[in-house]
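Have a look at the structure below, then the notes.
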Amino acid sequence: MQILDGTLVSAHIKEQIKQDVIDWQAQGGKKPHLAAILVGNNPASEAYVGHKVKSCAELGFESTLLRFDPSITEAELIAEVNKLNNNEDVDGILVQLPLPGHISGDSVINAIDPSKDVDGFHPISQGKMMLGQPTFLPATPYGIMLLLEHYNIDIAGMHCVVIGRSNIVGTPMTILLSRNTKPGNATVTLTHSRTKNLAEICQQADLIVAAIGKPFFVTADMVKPGAIIIDVGINRIPDATKKSGSRLVGDVDFEGCAPLCSYITPVPGGVGPMTICGLMKNTLLAAKQKSTVAATA
Ligand code: NAD
């Protein structure tokens, strides 16, 4: 069993991005600029946005964090997105999800200028991804593809089972795994809360992507010996042995499943850091594309 070490791989990719930014600036390019919108003070969202802003500083990007009270209306939030759309200095926009219940996440995401959609959630980005056209890939599935690529894992012809059908992880993951790319060319089964015989389907998987949001959901009896497991879940559970009184776990029973696997991602330190790499690569791409458009206008 080998750990797919997202911390290590992300450090390696971040070094490449950092050098790329230096080279880009040496050619007269400007610092990539990521603007993040955070509504309310959900501790998990605070932590995720904090990691993203910190990564910007590490990589030589500029970042702006806009915080809003949860009482902000949908129209007001969309107006803030529009300000960022019109701000020439901003290359990438991310809206940290989830948003408060009275705001439609879809409406806010749809308001982002697709040329600044570095989380890859806009319908234009998702549509282009589906058609195999160049675009911003959703950060988490993109990060997972980068991880598989780094370890040179050939998934062509494998049966991959994705658990969870969200628009930001499960569904786009199925597209990327099945595309005619390297890595890619897998045969993919998408499963969800209404899937029957999930355990049997998982037992046939050469690779499982777990994106459910339920701690320890994938257990050893669901795993074929030699399978690869990618654990996307981030769940906080009580743990009296920790100073904080809690700890993070994935959607997979790591202790039970790891001995059976050929490769497995840990939580934390697996998919999470790779998601940030996906976001940062998209932001650098957005900055470069904007400058190309400006030069040819
Ligand atoms: P979501 O709640 O939008 O989707 C969960 C999916 O799980 C749904 O499609 C649902 O059908 C499926 N599901 C629920 N119960 C099921 C069951 N019993 N059997 C089969 N499928 C079931 O969640 P999401 O946004 O895709 O996130 C999933 C998890 O991944 C969460 O823990 C989230 O925190 C984590 N996440 C991590 C990263 C990262 O960077 N590591 C990024 C995004 C999300």
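Counting starts at 1 for both ligands and their atoms, following the listed order.
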Polar side chain donor-acceptor pair, R236 to S246, under 3.5 angstrom: yes
Ligand 1 to H192, heavy atom cutoff 4.0 Å, flagged ligand atoms 11 (O), 19 (N), 20 (C), 21 (N), 22 (C)
Which of the numbered atoms in ligand 1 are under 4.0 angstrom from any heavy atom belonging to N235? 32 (O)
So which heavy atom in the protein is nearest atom 14 (C) of ligand 1, and how far is it from that ligand atom? I212 CG2, 3.6 Å
Proximal atoms of ligand 1 relative to G164 (non-hydrogen, under 4.0 Å): 6 (C), 7 (O), 9 (O), 12 (C)
Part of T191 within contact of ligand 1 (heavy atoms, under 4.0 Å): neither
Can you confirm whether the side chains of T189 and H159 place a donor and an acceptor under 3.5 Å from each other? yes
Does either side chain, that of D221 or that of T219, offer a donor lying less than 3.5 Å from an acceptor on the other one? yes
G272: heavy atom below 4.0 Å from ligand 1, yes or no? yes
D91 side chain to H33 side chain, donor-acceptor N/O pair below 3.5 angstrom: no
List the closest protein heavy-atom neighbour of atom 17 (C) of ligand 1: residue, atom name, distance to the nearest 0.1 Å. F217 CZ, 3.6 Å
Step-by-step salt bridge (Lys or Arg N to Asp or Glu O under 4.0 Å) determination, K290 to D113: CA-CA 12 Å; K290 189 142 72 63; D113 178 340; over 6 Å; no
Residue, atom and distance of the protein heavy atom nearest atom 15 (N) of ligand 1 read K214 NZ, 3.1 Å
Distance alone, cut at 3.5 Å: any donor-acceptor contact between the side chains of E46 and N42? no
Considering all heavy atoms of both residues, which atom of A220 and which atom of L260 are nearest to each other, and what is their separation? O-CD1, 3.5 Å
What protein heavy atom lies closest to atom 1 (P) of ligand 1? Include the residue and the distance to one decimal. S166 CB, 4.1 Å
Is it the case that K14 and S55 place a side-chain donor and acceptor less than 3.5 Å from each other? yes
At a 4.0 Å threshold, what atoms of ligand 1 neighbour a non-hydrogen atom of T140? 40 (O), 42 (C), 43 (C)
Near G233, which atoms of ligand 1 are under 4.0 Å from a heavy atom of that residue? 29 (C), 30 (O), 32 (O), 35 (C)
Nearest protein heavy-atom contact for atom 34 (O) of ligand 1: which residue, which atom, what distance? I234 O, 3.6 Å
Backbone or side-chain N or O of S193 under 3.5 Å from ligand 1 N or O: yes
Shortest protein contact, atom 43 (C) of ligand 1 (heavy atom only): V169 CG2, 3.7 Å
What residue among I168, V209, D119, T275 forms side-chain contact (heavy atoms from CB on, under 4.5 Å) with T140? T275
Within a distance under 4.0 Å of any heavy atom of I163, pick out the atoms of ligand 1 and give their elements. 20 (C), 21 (N)
Protein residue, atom and distance nearest to atom 9 (O) of ligand 1, heavy-atom basis: R165 N, 2.8 Å
Taking 4.0 angstrom as the limit and counting only heavy atoms of A211, give me the atoms of ligand 1 inside it, by number and element. 5 (C), 6 (C), 7 (O), 28 (C)
Provide the number and element of each atom of ligand 1 under 4.0 Å from a heavy atom of T275. 39 (C), 40 (O)
Test side-chain hydrogen bond (donor to acceptor under 3.5 Å, both in side chains) applied to Q19 and D23, step by step: CA-CA 6 Å; Q19 187 56 50; D23 296 345; 3.0 Å; yes
Would you say the side chains of N235 and D251 form a donor-acceptor pair under 3.5 Å? yes
So, does V232 sit close enough to ligand 1 that a heavy atom of it is under 4.0 Å from the ligand? yes
Might you point out which heavy atoms bring P172 and M129 nearest each other, and give the distance in Å? CB-CE, 3.6 Å
Which protein non-hydrogen atom lies closest to atom 25 (O) of ligand 1, naming both residue and atom, and how far is it? I168 CD1, 3.8 Å
